[in-house]
Amino acid sequence: MGQIATKFSLLKNIDEKKAFLKAIPFSAISGGLTDEYYQTLTDFDFISLKISDDTFRVEALIRDYDLIHDPEILKNLDPEETLNPQQLKTLKFIQRTLELSSHILNEDPTQLVGQLWGRLQGFNYPDIEKLLEDAKDSTPKKVRLRPLTASLTTPDSCLIKTLITIVL
């Protein structure tokens, strides 16, 4: 269990837990703590907790990744506090993976591990590799399929989003 999951588990009631999940990325980036912001959005536990909460789900998490591009936030950041190009690319790949997976994750958040592994394998970025390892280790007693290769649409593809049609 990582630092975020530990803090989350110590919170006593649902309202505190929801406030924690909502505030942590915004508080970090608006306070100039870009490193904390980056660590939060590359943390498997945070990603999993946020998409599993019915209040937030995957769309709220996707918006958290956009905070780094918000002009109001950027104007208050010290130029030395910005993320490096590799960190920005890592965040973009994770965000795009969540966008491509949103139609699946909204129906079944337990598919997160398979979606991450199916889309992010082959990106040789240390923080993506760590995210995938943390995802793999998250629930070792559960039986699930984990692709050996990136077998789903990758975040560097041209596909923007998959739309689902519901026929009544």
Side-chain angles (χ1 to χ4, degrees), residues 1-29 33-68 83 86-157 161-162:
M1 187 180 320
Q3 186 178 13
I4 290 177
T6 302
K7 285 180 183 178
F8 185 80
S9 69
L10 295 174
L11 298 173
K12 303 218 183 315
N13 64 49
I14 292 173
D15 292 334
E16 287 178 341
K17 291 181 181 211
K18 288 184 186 311
F20 176 78
L21 290 174
K22 181 179 180 181
I24 190 168
F26 181 77
S27 296
I29 194 69
L33 304 172
T34 53
D35 224 28
E36 184 179 322
Y37 170 79
Y38 178 78
Q39 293 303 321
T40 300
L41 293 180
T42 57
D43 184 279
F44 176 77
D45 291 330
F46 176 76
I47 293 169
S48 179
L49 287 167
K50 189 125 182 190
I51 69 164
S52 297
D53 189 297
D54 288 334
T55 304
F56 303 110
R57 307 298 273 186
V58 72
E59 295 303 325
L61 178 60
I62 290 168
R63 287 190 303 272
D64 287 340
Y65 289 87
D66 286 331
L67 292 172
I68 194 65
L83 298 175
Q86 183 175 342
Q87 289 174 313
L88 289 170
K89 200 163 197 168
T90 296
L91 290 180
K92 192 59 168 170
F93 282 151
I94 297 169
Q95 181 185 33
R96 288 278 300 126
T97 295
L98 294 168
E99 289 169 345
L100 292 170
S101 305
S102 64
H103 65 290
I104 302 294
L105 298 175
N106 280 329
E107 292 296 318
D108 185 4
T110 65
Q111 296 297 315
L112 177 63
V113 173
Q115 291 294 313
L116 292 173
W117 271 90
R119 296 182 193 280
L120 288 173
Q121 283 188 81
F123 290 96
N124 296 322
Y125 292 84
D127 293 320
I128 288 178
E129 291 172 355
K130 182 183 180 322
L131 174 67
L132 294 177
E133 281 304 307
D134 290 347
K136 181 177 79 172
D137 296 340
S138 64
T139 51
K141 293 179 184 163
K142 274 190 179 176
V143 175
R144 67 170 166 253
L145 296 175
R146 182 175 51 88
L148 296 175
T149 61
S151 53
L152 300 173
T153 304
T154 58
D156 59 349
S157 73
K161 194 165 207 147
T162 301

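In what follows, residues are counted from 1 in the order of the sequence shown.
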For a side chain to side chain contact (heavy atoms under 4.5 Å, CB included) check, start with the C-alpha distance between Leu131 and Thr42, then their side-chain angles and the critical distance, and finish with the verdict. CA-CA 6 Å; Leu131 174 67; Thr42 57; 5.7 Å; no

Examine Lys22 relative to Phe56 and say whether NZ or CZ is less than 6.0 Å from the centre of the six-membered ring and inside a 45° cone about the ring axis.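 Verdict for Phe56: no cation-pi partner in Lys22.
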
Are the side chains of [Y] and [X] in contact, using a 4.5 Å heavy-atom criterion?
X	Y	value
Leu112	Leu98	yes
Phe44	Asp137	no
Thr90	Tyr38	yes

Looking only at atom types and distance, does a side-chain atom of [X] sit under 3.5 Å from a main-chain N or O of [Y], one as donor and one as acceptor?
X	Y	result
Tyr37	Tyr65	yes
Ser48	Asp45	no
Ser157	Thr154	yes
Gln95	Ile62	yes

Quick check for you: to the nearest 0.5 Å, what is the distance between [X] atom [atom1] and [Y] atom [atom2]?
X	Y	atom1	atom2	answer
Ile47	Ile51	CD1	CD1	8.5 Å
Ile128	Gln121	CD1	CD	11.5 Å
Ile29	Ile24	CD1	CD1	12.5 Å
Thr153	Gln115	OG1	CD	9.5 Å
Leu88	Ile68	CG	CD1	6.0 Å
Leu41	Asp127	CG	CG	11.5 Å

Could you tell me whether the side chains of Gln86 and Lys89 share a donor-acceptor contact shorter than 3.5 Å?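 No donor-acceptor contact under 3.5 Å links the two side chains.
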
Under a 3.5 Å threshold, yes or no: a donor from one side chain and an acceptor from the other, between Gln3 and Asp43?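 Per modelled atom types, Gln3 and Asp43 side chains form no pair under 3.5 Å.
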
Tell me whether the rings of Phe123 and Phe93 are parallel (<30°), tilted (30 to 60°) or perpendicular (>60°).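 The rings of Phe123 and Phe93 sit tilted, inter-plane angle from 30° to 60°.
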
Between Glu133 and Lys136, does any NZ, NE, NH1 or NH2 come within less than 4.0 Å of an OD or OE carboxylate oxygen?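 Judged by the 4.0 Å cut-off on N to carboxylate O distance, Lys136 and Glu133 do form a salt bridge.
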
Heavy-atom pair with the smallest gap, counting every atom of [X] and [Y]:
X	Y	result
Thr34	Leu83	O-CD2, 3.7 Å
Thr97	Pro155	OG1-CG, 3.4 Å
Ser138	Val113	OG-CG2, 3.9 Å

Under the side chain to side chain contact (heavy atoms under 4.5 Å, CB included) rule, what do Lys17 and Leu21 come out as? Steps first, then yes or no, please. CA-CA 6 Å; Lys17 291 181 181 211; Leu21 290 174; 5.6 Å; no

According to the salt bridge (Lys or Arg N to Asp or Glu O under 4.0 Å) rule, which pairs have a member within residues 48-65, sequence neighbours left out?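 Pairs touching residues 48-65 that pass the test: Lys18-Asp53, Lys50-Asp64, Asp54-Arg57, Glu59-Lys161.
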
Check this for me: Phe26, atom CZ, are more than 12 non-hydrogen atoms of other residues, nucleotides or ligands nearer than 6.0 Å?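 Not buried by this count: 12 neighbours or fewer within 6.0 Å.
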
More than 12 heavy atoms of other residues, nucleotides or ligands under 6.0 Å from CG of Leu10: is that the case?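 Correct, the count exceeds 12.
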
Applying side chain to side chain contact (heavy atoms under 4.5 Å, CB included), run through Leu152 and Leu100 and close with a yes or a no. CA-CA 9 Å; Leu152 300 173; Leu100 292 170; over 6 Å; no

Test Lys130 against Asp134 for side chain to side chain contact (heavy atoms under 4.5 Å, CB included), laying out the working first. CA-CA 6 Å; Lys130 182 183 180 322; Asp134 290 347; 2.7 Å; yes

Please list, chain by chain and in numerical order, all residues satisfying side chain to side chain contact (heavy atoms under 4.5 Å, CB included) with Ser9, sequence neighbours excluded.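 With neighbours one apart ignored, the set is Met1.
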
